[in-house]
Amino acid sequence: MERKKSGKKKPLPPYEIRIVSRGSQLKKIGAKALMEYFNPIIASRAHVLLQKKVTLAQEEKYVLEQAKLLDSKRLVKIFLFVDGKIAGVSEIRRSAIPSEAHNTVFSIAITPKWQGRGFGELLLRRAIVEAMARFSPKRMWLDRYSGNKIAGKLYEKVGFVEVARLKGYHSHYNKYEDKVFMEYRGKHARKK
Ligand SMILES: CC(C)(COP(=O)(O)OP(=O)(O)OC[C@H]1O[C@@H](n2cnc3c(N)ncnc32)[C@H](O)[C@@H]1OP(=O)(O)O)[C@@H](O)C(=O)NCCC(=O)NCCS
């Protein structure tokens, strides 16, 4: 949904940022809390990969898979908690393929209740700083589906530019959408 510029945003409520870089940390957060975070995002039709609500059993499997990736040092998750619940997550992923390991890829989602308050920008900026500190990548990327204009605005604001597009790559609720690739060119980018 497009938004009118309406001056100042509401001040942020108290929040906690937790960097999760080990499988045991994710297991501690647990499948139930993750399911309760994902399902409102899926219900809002913003998720391009998940278009059906997830079950606890699916989430338990996901936690085990993601825990392995975290322990392989190819994934870091940045959690945002508000009122003790997951309000947003940003991920930094690095390929297991040595010839691609100089890249990192980000993803981000804020739960609908807390969107439009500045958390997305805060979390993505933090993810960029963490990615530089942990992986010192030569290039940083993310992608979105073309209909996700809000994400596009956030990404541009933070320093990403569109570099490529795959026409009709995603099927999103029976509509074909382009996959838009964006590369980070902001102030933390390494000189090429
Ligand atoms: C996209 C998303 C991460 C943005 O996070 P957010 O916390 O809602 O955004 P913020 O409040 O931090 O806003 C940051 C910038 O995003 C853009 N933005 C946010 N909401 C917007 C809206 N409703 N309309 C237009 N632009 C918007 C603006 O550029 C804004 O900067 P500004 O306030 O100076 O104009 C969040 O809406 C979300 O998680 N959506 C669902 C999942 C998703 O789409 N993830 C991305 C997958 S590609």
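Whatever order the structure lists ligands and atoms in, that order sets their numbers, starting from 1. Worth knowing before you read on, the calculation uses all heavy atoms, side chains too, and leaves out hydrogens, waters and symmetry mates.
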**Message:** Membership question, hydrophobic clusters at under 4.5 Å side-chain separation (ILVMFWY): are Ile17 and Val20 in the same one?
**Reply:** no
**Item:** Crowding at CZ, Phe81 (>12 non-hydrogen neighbours, <6.0 Å)
**Value:** yes
**Proximal candidate to atom 12 (O) of ligand 1 [heavy atom criterion; set Lys149, Glu121, Lys157]** = Glu121
**Item:** Heteroatom distance test (Gly118, ligand 1): nitrogen or oxygen, under 3.5 angstrom
**Value:** yes
**Request:** Step through the shown structure and confirm whether more than 12 heavy atoms of other residues, nucleotides or ligands are within 6.0 Å of NZ on Lys73.
**Result:** yes
**Fill in**
Smallest heavy-atom separation, Thr111 atom then Ile86 atom, equals CG2-O, 4.3 Å
**Asked** Quick check: does Arg117 get an N/O under 3.5 Å from an N/O on ligand 1?
**Response** yes
**Atom indices of ligand 1 within 4.0 angstrom of Ala46 heavy atoms, with elements** = 41 (C), 42 (C)
Would you be so kind as to tabulate the donor-acceptor pairs closer than 3.5 Å made by side chains of residues 56-64, with sequence neighbours excluded?
unit_1, atom_1, unit_2, atom_2, d
Gln58, OE1, Thr55, N, 2.8
Gln58, OE1, Thr55, OG1, 3.4
Tyr62, OH, Lys77, NZ, 3.2

**Asked** Among Pro112, Gly120, Ala109, which residue places a heavy atom closest to atom 7 (O) of ligand 1?
**Response** Gly120
**Any N/O pair Ile108/ligand 1 closer than 3.5 Å** = yes
**Message:** Between Asn39 (side chain only) and Lys53 (backbone N and O only), is there a donor and an acceptor less than 3.5 Å apart?
**Reply:** no
**Fill in**
For Ile110, the atoms of ligand 1 under 4.0 Å from one of its heavy atoms are 5 (O), 7 (O), 38 (C), 39 (O)
**Connected via hydrophobic side-chain network under 4.5 Å: Leu142 and Leu154** = yes
**Asked** Any N/O of Ile150 closer than 3.5 Å to an N/O of ligand 1?
**Response** no
**Request:** With heavy atoms of Gly116 as the reference, note each atom of ligand 1 found under 4.0 Å away.
**Result:** 6 (P), 7 (O), 8 (O), 11 (O)
**Request:** Looking only at distances, please establish whether an N/O atom of ligand 1 is found under 3.5 Å from an N/O atom of Asn148.
**Result:** yes
**Message:** Once you restrict to heavy atoms under 4.0 Å, what part of Asp143 touches ligand 1? Side chain, backbone, both or neither.
**Reply:** backbone
**Atom indices of ligand 1, in the order listed, that fall short of 4.0 Å to a heavy atom of Phe119** = 7 (O), 12 (O)
**Message:** In this structure, does ligand 1 have an atom that sits under 4.0 Å from one of the heavy atoms of Tyr155?
**Reply:** yes
**Asked** For residues 128-139, which residue pairs qualify under side chain to side chain donor-acceptor pair (under 3.5 Å), counting only residues two or more places apart or in two chains?
**Response** Arg126-Glu130, Glu130-Arg134, Ser136-Arg190, Arg139-Glu183
**Asked** Which of the atoms of ligand 1 are close to Arg144, meaning less than 4.0 Å from one of its heavy atoms?
**Response** 48 (S)
**Message:** Would Phe160 and Phe106 count as a side-chain contact (heavy atoms from CB on, under 4.5 Å) here? Give the steps.
**Reply:** CA-CA 11 Å; Phe160 288 85; Phe106 299 101; 3.8 Å; yes
